[in-house]
Amino acid sequence: MSRVIGIDLGTTNSCVAVVDGGKPVVIPNTGGYKTSPSMFAISQDGKRLVGHLAKRQAITNARHTVHASKRLIGRRFDSPELQKATELFPYEIVEGQSGESRILLADKAFSCSEISGIILREMKRVAEEYLGEPVSEAVVTVPAYFNDTQRQCTKDAGKIAGLEVLRIINEPTAAALAYGVGSKVEEKIAVYDLGGGTFDISILELADGVVEVLATAGNTFLGGEDFDRRIVEHVLEIFHKQEGIDLRDDLMALQRLKDAAEKAKCDLSSMETAEINLPFIANDANGARHLNLELTRETLDDLVGDIVNTTMKSVAQCVEDAGLTPADISQVVLVGGQTRTQLVQKAVTDFFGKPPNRGVNPDEVVAIGAAVQGSLLVSEDKDLLLLDVTPLSLGIATFDGAFAPLIDRNTTVPVRKSHVFTTTRDDQNAVKIRVLQGESERADENHLLGEFVLADIPPAPAGEPEIEVSFDIDANGIVNVSARDVATGGEQSIAVNTTGTLSDEEIDQIIAENEDVELPGA
Ligand code: ADP
Ligand code: MG
């Protein structure tokens with residue numbers, strides 16, 4: 001029996017693990033690193049590069065090097081938050097056919113699922129090399145706060161990578177699984193996960209053999225990238241004032257600055273001051289200019305304080321949604337590289353009134369949890385029960401533009417709810433339903449998952465036909481819709497028009513295109 005791998009497909013870094021001889025192990029890549037940058041590039045001579053190889057040439061090939069593409073997945077091109085978060089991205093983002101975001105590299109508009117698929121395929125290759133056998137099944141993690149579209153796109157990415165994704169699990173839940181496996185104590189824990197692009201908070205109850213998520217909250221557009229951007233903007237402003245030169249116009253300078261800003265941020269986790277030193281950053285009639293400045297931890301805290309506060313608002317809401325108070329939480333597990341920033345640790349410590357647990361590796365724990373779940377899914381002894389929740393309320397738009405929730409956020413999945421629809425006109429033969437996820441009372445402020453048309457309704461007076469529509473959220477957090485005619489019990493046909501996901505034909509085409517491209521290992 002081939003083994004199931006667990007993949008943490010991160011915004012910044014990806015990590016793969018497997019249960020080997022009863023124990024989860026993180027698999028090092030060819031270079032010996034336990035995580036690989038989630039980066040993809042097409043080099044000047046047309047080679048496809050992934051992971052460390054892509055990262056290594058990012059400065060000189062910024063326009064054709066993709067980082068943080070997970071920030072774009074399942075998102076509309078015209079969404080204002082996307083525009084803002086990617087303002088300083090060196091690669092070009094374009095609008096796809098159904099309004100989704102795509103990435104333009106060497107004349108091809110890559111879908112975000114394809115980029116994620118290429119990264120997953122690399123992690124699969126890393127695992128196969130280590131295990132010395134082919135791997136075909138995986139558990140892949142996603143931010144808990146990912147909506148249905150983002151989960152669907154991740155599933156598509158798995159297919160593109162040649163993997164059967166047995167289960168999509170939430171990153172903080174995976175971390176809790178890795179933390180709590182084998183634990184016999186009953187306790188309530190909080191998992192605070194701040195990575196490069198996303199933030200999640202989950203409150204879980206661990207009891208003998210049961211891992212139950214009580215509540216989850218977060219923000220899929222908030223992470224270390226935003227910390228970096230604050231530093232970059234701060235430095236751009238200082239440099240502009242001092243030298244009268246705007247570095248925004250120079251891609252390579254911007255890329256060097258971004259790298260230096262991130263490095264300074266990381267240094268400030270252990271030091272009081274950090275230096276940003278970039279010789280020959282610009283040139284004008286007066287000659288070469290150098291950028292050299294010192295950043296203190298205090299300045300960093302000022303620059304990012306409001307971001308940290310935003311995460312703490314979600315934490316407070318999540319604890320409340322779980323029906324608990326901070327004192328009920330016995331352990332706080334920190335996940336994600338960005339939790340190494342001291343201001344983050346301080347905010348979490350202050351809120352829960354206790355220092356975070358230091359026993360887990362924040363970079364590896366999610367992949368380990370995914371591997372544990374993978375081995376549980378195929379093993380005979382089912383002595384661990386994992387109960388997760390849906391992060392967002394699911395509902396429909398009413399005729400007056402309001403949002404009518406059918407399944408509330410934090411409902412345990414899988415779950416199924418039905419709703420009976422009828423017609424508003426005599427002999428109306430079709431009803432259009434818009435399905436959304438979100439917490440706003442107004443439909444148009446929530447995320448549109450898709451439109452469903454109930455067709456072929458037999459002629460009848462208004463209000464007479466009864467069509468029962470069932471909304472399922474499966475264990476992956478993915479939504480499925482089905483309908484039946486109440487009178488006849490017959491299946492009703494549904495035309496689904498989902499926004500931003502790939503069709504089966506498109507996936508097949510991408511797989512075929514990628515078959516003859518060999519990626520040099522990273
Ligand atoms: P993801 O889950 O998005 O792949 P990671 O958990 O790998 O992300 O975290 C990546 C983020 O953590 C990056 O923004 C990186 O700059 C930040 N990070 C890594 N190490 C440190 C550190 N020592 N101090 C502060 N931030 C760090
Ligand atoms: Mg992560």
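Start at 1 and go down the list; that is how both ligands and their atoms are numbered. Atom set for the values below is all heavy atoms of this structure, side chains included, hydrogens, waters and symmetry mates excluded. Sequential numbering from 1 along the given sequence is applied to the chain's residues. Since the structure is predicted, the reported quantities are computational estimates derived from the model, not experimental observations.
- Closest to atom 15 (C) of ligand 1 among all protein heavy atoms lies E262 OE2, 3.3 Å.
- Closest protein heavy atom to atom 14 (O) of ligand 1: K265 NZ, 3.1 Å.
- For the pair T12 and ligand 1, the shortest N or O to N or O distance falls below 3.5 Å.
- Checked for salt-bridge contact, E128 and R125 miss the test: no charged N lies under 4.0 Å from a carboxylate O.
- Protein heavy atom closest to atom 2 (O) of ligand 1, with residue, atom name and distance, is G195 CA, 3.9 Å.
- The aromatic ring centres of H64 and Y91 sit 6.0 Å or more apart.
- Contact atoms of ligand 1 toward G224: 14 (O) (distance under 4.0 Å to a heavy atom of the residue).
- A salt bridge links E233 to R229: one of the charged nitrogens lies within less than 4.0 Å of a carboxylate oxygen.
- Scanning all protein heavy atoms for the shortest distance to atom 21 (C) of ligand 1 gives C266 SG, 3.3 Å.
- Using 4.0 Å as the threshold, G197 has a heavy atom nearer than that to some atom of ligand 1.
- Checking E100 against S98 by side-chain atom types alone, a donor-acceptor pair falls below 3.5 Å.
- Here is the list of ligand 1 atoms found below 4.0 Å of a heavy atom in G10: 4 (O).
- The protein non-hydrogen atom at the shortest distance from atom 23 (N) of ligand 1 is R340 CD, 3.5 Å.
- A side-chain donor-acceptor contact under 3.5 Å links H447 and T149.
- Shown in contact with G336 at under 4.0 Å from a heavy atom are these atoms of ligand 1, numbered in order with element: 6 (O).
- Residues I510 and S111 form a side-chain contact, since some pair of their non-hydrogen atoms from C-beta on lies under 4.5 Å apart.
- In terms of protein heavy-atom proximity, atom 8 (O) of ligand 1 is closest to G196 N, 3.1 Å.
- Remark: of the listed residues D306, D302, D301, D306 is the sole one forming a salt bridge (Lys or Arg N to Asp or Glu O under 4.0 Å) with R230.
- Panel note: side chain S393, backbone R409; a donor-acceptor pair is recorded below 3.5 Å.
- With hydrogens left out, the protein atom closest to atom 25 (C) of ligand 1 is S269 OG, 3.2 Å, a heavy atom.
- By the 3.5 Å distance cut-off applied to N or O atoms, G337 is counted among the residues near ligand 1.
- At a threshold of 4.0 Å, the pair K263-D267 counts as salt-bridged, since one of the basic side-chain nitrogens sits closer than that to a carboxylate oxygen.
- Between D228 and K265, at least one side-chain nitrogen of the basic residue sits less than 4.0 Å from a carboxylate oxygen of the acidic one, meeting the salt-bridge criterion.
- Ranking the protein heavy atoms by distance from atom 7 (O) of ligand 1 puts N13 ND2, 2.9 Å first.
- Taking only nitrogen or oxygen atoms, main chain and side chain alike, P362 does not reach within less than 3.5 Å of ligand 1.
- Listed by number with element, the atoms of ligand 1 under 4.0 angstrom from any heavy atom of T341 are 25 (C).
- The shortest side-chain heavy-atom distance between N476 and R151 does not fall under the 4.5 Å cut-off.
- At least one N or O atom of T11 sits closer than 3.5 Å to an N or O atom of ligand 1.
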